[in-house]
2 protein chains.
Amino acid sequence: MSMTIADIARLAGVSRATVSGVLNNNPTVSAKTKKRIAEIIEQHNFRPNEVARALALQHTALIALVIKDVSNPFYSKISLGVEQVCAEQGYSVIIGNSQQDVAREIDYLGLLERKRVDGMIILPLQAHEDYSLFKNLQKAGYPLVLLAEIPGIKTDLVRVDDEKGAYNATRHLLKLGRRNVVFVSGPETALASQRRLAGFQKAFEVEGMDFSARNIVAGGWRYQDGYNAGKKMFEQLLFVPDGVLCYNDSVAIGFIRALTEKGFRVPEIAVIGFDDAGAGAYLPTALTTVAQPAIQIGRLAALVLFRRIKNRTKKIEKIILDTELVVRESCGAHLTVPVEN
Amino acid sequence: MSMTIADIARLAGVSRATVSGVLNNNPTVSAKTKKRIAEIIEQHNFRPNEVARALALQHTALIALVIKDVSNPFYSKISLGVEQVCAEQGYSVIIGNSQQDVAREIDYLGLLERKRVDGMIILPLQAHEDYSLFKNLQKAGYPLVLLAEIPGIKTDLVRVDDEKGAYNATRHLLKLGRRNVVFVSGPETALASQRRLAGFQKAFEVEGMDFSARNIVAGGWRYQDGYNAGKKMFEQLLFVPDGVLCYNDSVAIGFIRALTEKGFRVPEIAVIGFDDAGAGAYLPTALTTVAQPAIQIGRLAALVLFRRIKNRTKKIEKIILDTELVVRESCGAHLTVPVEN
DNA sequence: CTAAAGATTTAAATCGGTTCAAATTCATGT
DNA sequence: ACATGAATTTGAACCGATTTAAATCTTTAG
């Protein structure tokens, strides 16, 4: 149906090799044939079949990005960054949503072997029984960039310093005089949640405050998860906090909704989110949050991946970016004088 | 480096054709060889190269989804739906963000010819100088499903009845007694915005109300666009509305933020969004909105695309879904008695 | 005018699968 | 034991590009 290089060769009265030469701007083909054939190509609107090209060249100009769920604003921004630099480099990106499901994630990992994508950026779940698959893939030389560590594996990595981010946010709350502060956690399969919890806890220590199980409540990563957590908390009223650090902005937004429904208000209850993706900045009471440079994370991950694709021997890159506490209204900083200690 | 079908053939002392037979579960190869070779394949963890397969079979098991911006919650939900059914069918999806840029969109269109993706789902911009590219692609038999009409082209299409959706929402506001109602428009390159405006306007007619340019304000599609529109409006105070229909939820959220900053409140000013994707339902004053079944749209688009991929002769499918007005708090329906007319 | 050097072009192999006509093996009935 | 037909396997072509050694064509110098 569509033209092939052989058709063009026939039309031009020349060999396929020559046509290939002009396609790839090979200096060995003369300027005049180049022009002549280029015209014929143009005329017939011939586009070389990249599948055939991929087979011959052993690379597909495709990479895969596997995240939990593009409909989460933070991940969608990462994907935007990834796609940006891929487009610049002439690559396309296959996107996979693991949906927090290990089986799906494993399935996507298979794209490396099956579809021969040139590399993969992946936010691995922390729920695998073992990580030999990752280990094997990496040992087999497949370019892999992670967005979160995997136990016992050294690979290129781009992430943010979750612990420090949570630590700073928590200290901020504490400095503002909040004393009943809780952390609404993320999904158990997220290493980032554990890290943020660690930072949260550390702030308690540093401020010399007691920390107990009451300071943690189980959350999740979606609006609904935050809402549920808040609902439960404000229905039972076992413990009414005056400060809350949430796993991410979506959880914070859901939590705030729940608290509002029960007649409480922000920032009387101070709330801080994490990510700074999505609607937070535009809430009626704008959300204070630990901002991650999501697009930048995506861009860097892609850049690191390309470096690895091009140069298989280079040593491992581990990029850990800083977060930034973006103080808006929901933490009450604009109302309260910080407590010095 | 990695195993090929020839390696397996050699290992099994059999021809490549036979190995291919077991890979494709060809009934002509005997059960015992099938088992024997399957074991060898398993043992060596051989995965056939799908690039080679794609070349031979002339299909890649890839489709492309081109939207404006995955980081918009509505599009990300569509992409989720698309990916769901693709995963079920063993397809992968390449995602492209046109970013409202015609050149980028055209570039992505090229994936059909270049990367030989088996089909494409695309939300075309309305800013092309001409649509011959689409026309040619479609004439050349490339499977194409649109998420918005293109002037003068008949292709498979899945979308929502924007006009009716906006009409219903507007009537709702009007019935609630709101008299100074405005439409915060979407980007000019979005046909959907024009359709929603038409529905908005029609409601005015039906209610026998005057409609003028004051009833439209230029918006956009992001939080920031809604915010800017609101800010401008409430700074100038030329016209303070008591009801607002926004192009989408993001615009509504931004608009509400602007109005809040200026000391106004929702639902004293009633606000309705469009899409029902993202944070709307979890705002302190939950957003009333015209809900689109985004995931379903994605799923249907993918399903239609697969039908077209499999059966090139079938006639065109045009699926127009209904929206649903989800009444929450931001339109004030829970406070106001509807006005009968 | 011719040989050597340099510039271009080409034939054929290759990438790793699928497919189909032809060849081979197997089973059955006599 | 043998002919026959069915079941299975295989060789070779093909998908559409790239690549490289060899062939051919141009220049240039002597």
Side-chain angles (χ1 to χ4, degrees), chain A residues 1-38 40-41 44-62 90 110-118 140, chain B residues 1-38 40-41 44-62 90 110-118 140:
Chain A
M1 156 168 97
S2 117
M3 290 241 134
T4 75
I5 212 174
D7 297 325
I8 299 296
R10 196 172 314 117
L11 251 29
V14 89
S15 80
R16 280 142 74 227
T18 304
V19 178
S20 175
V22 354
L23 286 174
N24 295 68
N25 198 29
N26 186 327
T28 162
V29 12
S30 77
K32 63 178 75 70
T33 30
K34 229 174 224 173
K35 194 154 80 67
R36 188 167 65 85
I37 294 180
I40 300 183
I41 287 176
H44 292 77
N45 194 36
F46 163 69
R47 296 278 171 280
N49 182 332
E50 293 199 6
V51 175
R53 192 154 201 277
L55 180 57
L57 256 30
Q58 302 281 53
H59 79 283
T60 51
L62 275 175
L111 289 180
L112 282 168
E113 297 181 307
R114 297 201 318 273
K115 278 225 162 43
R116 307 288 154 127
V117 300
D118 294 339
Chain B
M1 152 170 100
S2 117
M3 289 241 134
T4 76
I5 213 174
D7 298 325
I8 299 296
R10 196 173 313 119
L11 252 27
V14 89
S15 79
R16 280 144 75 228
T18 304
V19 178
S20 175
V22 353
L23 286 173
N24 296 67
N25 199 28
N26 185 328
T28 161
V29 12
S30 79
K32 65 177 74 68
T33 29
K34 230 173 225 172
K35 192 155 81 66
R36 187 167 64 85
I37 295 179
I40 299 183
I41 286 175
H44 293 77
N45 193 37
F46 164 69
R47 298 278 171 277
N49 181 332
E50 293 198 6
V51 174
R53 193 155 200 276
L55 180 58
L57 256 28
Q58 303 279 57
H59 79 284
T60 50
L62 274 176
L111 289 181
L112 284 168
E113 297 182 306
R114 297 202 319 272
K115 278 224 163 36
R116 306 290 151 126
V117 301
D118 294 339

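All chains are named by letter (A, B, ...) in the order of the sequence lines, taking the proteins before the strands, and each is independently numbered beginning at 1. Predicted model, so just to flag it, every value in this text is computed and none were measured.
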Query raised in the report: If every non-hydrogen atom of A:Leu55 is compared with every non-hydrogen atom of B:Val51, which pair is closest and at what distance?
Result: N-CG1, 3.7 Å

Query raised in the report: If we only count heavy atoms from C-beta on, is the B:Val29 to B:Ile37 side-chain gap below 4.5 Å?
Result: no

**Report entry** Gap between atoms CD1 and C1', on B:Ile5 and D:dT10 respectively (whole Å)
**Finding:** 13 Å

Report summary line: The answer to which of B:Lys32 and A:Val51 contacts DNA chain D further toward the 5' end, by nearest nucleotide, is B:Lys32

**Report entry** Spacing of B:Asn26 atom CG relative to C:dG17 atom P, expressed in whole Å
**Finding:** 17 Å

Report task. Starting from the 5' end of DNA chain D, give me the residue, A:Thr18 or B:Val14, whose nearest nucleotide shows up first. Result -> B:Val14

Report task. Please report, rounded to the nearest Å, how far the C1' atom of D:dT9 is from the CD1 atom of B:Ile37. Result -> 10 Å

Query raised in the report: Below 4.0 angstrom from OP1 or OP2 of C:dT18, is there any side-chain N or O of B:Arg53?
Result: yes

Query raised in the report: Yes or no on side-chain contact (heavy atoms from CB on, under 4.5 Å) for B:Leu62 and B:Leu111, after CA distance, side-chain angles and deciding distance?
Result: CA-CA 10 Å; B:Leu62 274 176; B:Leu111 289 181; over 6 Å; no

Report summary line: d(A:Asp118 CG, A:Gln58 CD) to nearest 0.5 Å is 10.0 Å

Query raised in the report: Please give, in whole Å, the distance from D:dA17 C1' to B:Arg116 CZ?
Result: 10 Å

What donor-acceptor contacts under 3.5 angstrom involve side-chain atoms of residues 18-27 of chain A, with partners at least two apart or in another chain?
from	atom 1	to	atom 2	distance (Å)
A:Thr18	OG1	A:Ser15	OG	3.3
A:Asn25	OD1	A:Lys34	NZ	3.1
A:Asn26	OD1	A:Thr28	N	2.9

Query raised in the report: Rounded to the Å, how far apart are B:Arg47 CZ and C:dG16 P?
Result: 17 Å

Query raised in the report: What is the distance from CG of A:Asn24 to C1' of D:dG16, rounded to the nearest Å?
Result: 13 Å

Query raised in the report: Does the side chain of B:Thr33 get closer than 4.0 angstrom to OP1 or OP2 of D:dT9 through an N or O atom?
Result: yes

Requested in this report: Write down the distance between NZ (A:Lys34) and C1' (C:dT9), rounded to a whole number of angstrom.
Outcome: 14 Å

Query raised in the report: Donor-acceptor pair, B:Arg47 side chain versus A:Leu112 backbone, under 3.5 Å?
Result: no

Report task. Quick one: pull up CZ in B:Phe46 and CD1 in B:Ile5 and give me the separation to the nearest 0.5 Å. Result -> 5.0 Å

Query raised in the report: Hey, does A:Ser30 reach any base, or is it just sugar-phosphate, or nothing, if we go heavy atoms under 4.0 Å?
Result: sugar-phosphate

Check nucleotides 11-15 of chain D for protein N or O atoms closer than 3.5 Å to its own N or O atoms and list the pairs.
from	atom 1	to	atom 2	distance (Å)
D:dC15	O3'	B:Gln58	NE2	3.3

Requested in this report: Send over the distance from B:Ile8 CD1 to C:dT18 P, rounded to a whole Å.
Outcome: 13 Å

**Report entry** Axis deviation across the helix from C:dC1-D:dG30 to C:dT30-D:dA1, five-pair ends, to the nearest 10°
**Finding:** 50°

Query raised in the report: Are any side-chain N or O atoms of B:Arg116 and backbone N or O atoms of B:Thr60, one a donor and one an acceptor, separated by less than 3.5 Å?
Result: no

Requested in this report: Determine the minimum heavy-atom distance between B:Asp7 and B:Thr4, stating which atoms define it.
Outcome: OD2-N, 2.8 Å

